[in-house]
Amino acid sequence: GSLAAQTIGYVGDITLKELQANQGGGYNAQSQFGQSGLEQQYEAQLHGVPGIQKIEVGPAGNAVNTVSSSPAIPGDNLYLNMDLGLEKFASNALSQQLTLLRSSAGGVPADFGAVVVMNAQTGAVLAMASQPSYNNNEWIPYMSTKNYSTLLNETGAPLNNYAVVGPETPGSVFKLATATAALNDGVITGSFVYDDTGTFTIGKGANLKVLHDAGGEVLGPVNVSLAIGESSDVFFYRLG
C-alpha cells in the first residue's frame, strides 16, 4: 500500500531514453524499468536476464522445432535494514502530527513531512517515512493517466520523498555538516571552546547584522559537542 511507498519506489514501462542508455542489458521495448526509489537505484541488480527461446516454424506458422533456448535468470534480492513495525509506527506518528498541526489553533498548512530513523553507529536506515504518500499498488499493472495526473497535482506532492529530496532549508540539521567539516579540516579541535553570549555580529555600517540564538538563549562557553547538543546558533555562526 502506501507504507514506505516513496522509499521502495515503482517500476514502469521503459522509456526510449532508458532503452538506449541500457543497450546490451537485456531490455526490450516491453521491459519494465525502475522509475523511482530503490527500484530505480538498484535496477541493474534487480532486473535479471530474460530467457530466450528460438523456434523454427513451418509454412503455416506452426512450431516444428526448438532451435535453442536459455532460461531466464532472476535478478538479485535486495535486503533492507528497515524494520516493518518501526516503519508503521513512524508513518502513523508522522500522519498524526501533521493532522494535529493543521487542526491546532492558528493551524499551519503542514502539507508534508518526513521521518528517518537510523542506527547511529552504522548509518543503517531503520525507517523512512514521507507524507503524503500514495498507494504503490496503483502502478500494477500500470498507472492510469487520470491517477498519475492526480498524484502530480495533489497538495503536498506525494510522489516526492521528503526524507531525501526537498526544497526546504535544512536548518539546525546542517550544524552536523559544519562541525564535521571544521573538525576534518583542522579549523577547530574537539577542545575548542567559544563563548555563546546569545548574539553574533557580522558586517559593518549599513550592512551590520546582529544574529541571535533561537529562543534568546545565552549558553555561555561551549565546545563543539555541547554546541550540537544545545543547538547553539551563535557557535555555528562563529564557526561558519
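Closest approach of A5 to G1, counting heavy atoms only: CB-O, 4.2 Å. The shortest non-hydrogen separation linking E18 to N22 is O-ND2, 2.7 Å.
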D13 vs Q32, side-chain contact (heavy atoms from CB on, under 4.5 Å): CA-CA, chis, key distance, verdict: CA-CA 5 Å; D13 291 338; Q32 295 285 292; 2.7 Å; yes

Chi angles and distances behind the side-chain hydrogen bond (donor to acceptor under 3.5 Å, both in side chains) call for Q6, S36: CA-CA 7 Å; Q6 300 95 334; S36 74; over 6 Å; no

Steps toward side-chain contact (heavy atoms from CB on, under 4.5 Å) verdict (Q35, Y10): CA-CA 6 Å; Q35 301 297 328; Y10 57 87; 3.5 Å; yes

Criterion side-chain contact (heavy atoms from CB on, under 4.5 Å) on T7 and V125, from CA distance to verdict: CA-CA 11 Å; T7 302; V125 176; over 6 Å; no

From CA spacing to verdict: side-chain contact (heavy atoms from CB on, under 4.5 Å), V164, M128: CA-CA 9 Å; V164 294; M128 182 180 285; 3.9 Å; yes

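Looking only at distances, a side-chain donor or acceptor of N136 sits under 3.5 Å from a matching main-chain atom of G9. Put simply, the side chain of T99 gets close to the backbone of S95: a donor and an acceptor are under 3.5 Å apart. Between the S104 side chain and the L101 main chain, a donor and an acceptor come within less than 3.5 Å of each other. With N62 contributing its side chain and G58 its backbone, the two residues share no donor-acceptor pair below 3.5 Å. Of the possible donor and acceptor atoms, none in the side chain of S91 sits under 3.5 Å from a partner among the backbone N and O of A129. With hydrogens and angles disregarded, no donor-acceptor distance shorter than 3.5 Å links the side chain of Q45 to the backbone of G75. Between the side chain of N119 and the backbone N or O of T122, at least one donor-acceptor pair lies under 3.5 Å. Between the S31 side chain and the N28 main chain, a donor and an acceptor come within less than 3.5 Å of each other. Remark: side-chain polar atoms of K209 are not paired, donor with acceptor, to backbone N or O of G203 under 3.5 angstrom.
Between H47 and the choices F33, Y42, Y27, the ring-ring contact (aromatic ring centres under 6.0 Å, His included) rule is met once, by Y27. Among the candidates T199, D196, D213, the single residue satisfying the side chain to side chain contact (heavy atoms under 4.5 Å, CB included) test with D233 is D213.
In this structure, F112 is not a member of the same hydrophobic cluster as V117, with clusters built from ILVMFWY side-chain heavy atoms closer than 4.5 Å. In the hydrophobic cluster analysis, where Ile, Leu, Val, Met, Phe, Trp and Tyr join through side-chain heavy atoms closer than 4.5 angstrom, L3 is grouped apart from M82. Put simply, Y134 and I8 are part of two different groups of oily side chains (I, L, V, M, F, W, Y) that touch within less than 4.5 Å, one to the next. In terms of hydrophobic clustering, with Ile, Leu, Val, Met, Phe, Trp and Tyr side chains grouped at heavy-atom distances under 4.5 Å, V165 and M118 are assigned to a common cluster.
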Could you pull out all donor-acceptor pairs under 3.5 Å where a side-chain atom in residues 141-148 meets a protein atom, sequence neighbours excluded?
residue, atom, partner, partner atom, Å
S144, OG, N147, N, 3.1
S144, OG, N147, ND2, 3.4

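Here the straight-line distance linking atom OG of S133 with atom CG of N160 works out to 11.5 Å at 0.5 Å rounding.
Side-chain atoms of L38 and L80, non-hydrogen and from C-beta on, do get closer than 4.5 Å to each other. Considering only heavy atoms from C-beta on, W139 stays 4.5 Å or farther from V11 through its side chain.
Members clustered with Y194: L176, L183, V187, I188, F192, F200, I202, L211, L219, V222, V224, L226, I228, V234, F235, F236, Y237, L239, by chain and number, using a 4.5 Å side-chain heavy-atom cutoff among hydrophobic residues. Grouping Ile, Leu, Val, Met, Phe, Trp and Tyr residues whose side-chain heavy atoms lie under 4.5 Å apart, directly or via other members, places I55 in a hydrophobic cluster with V57.
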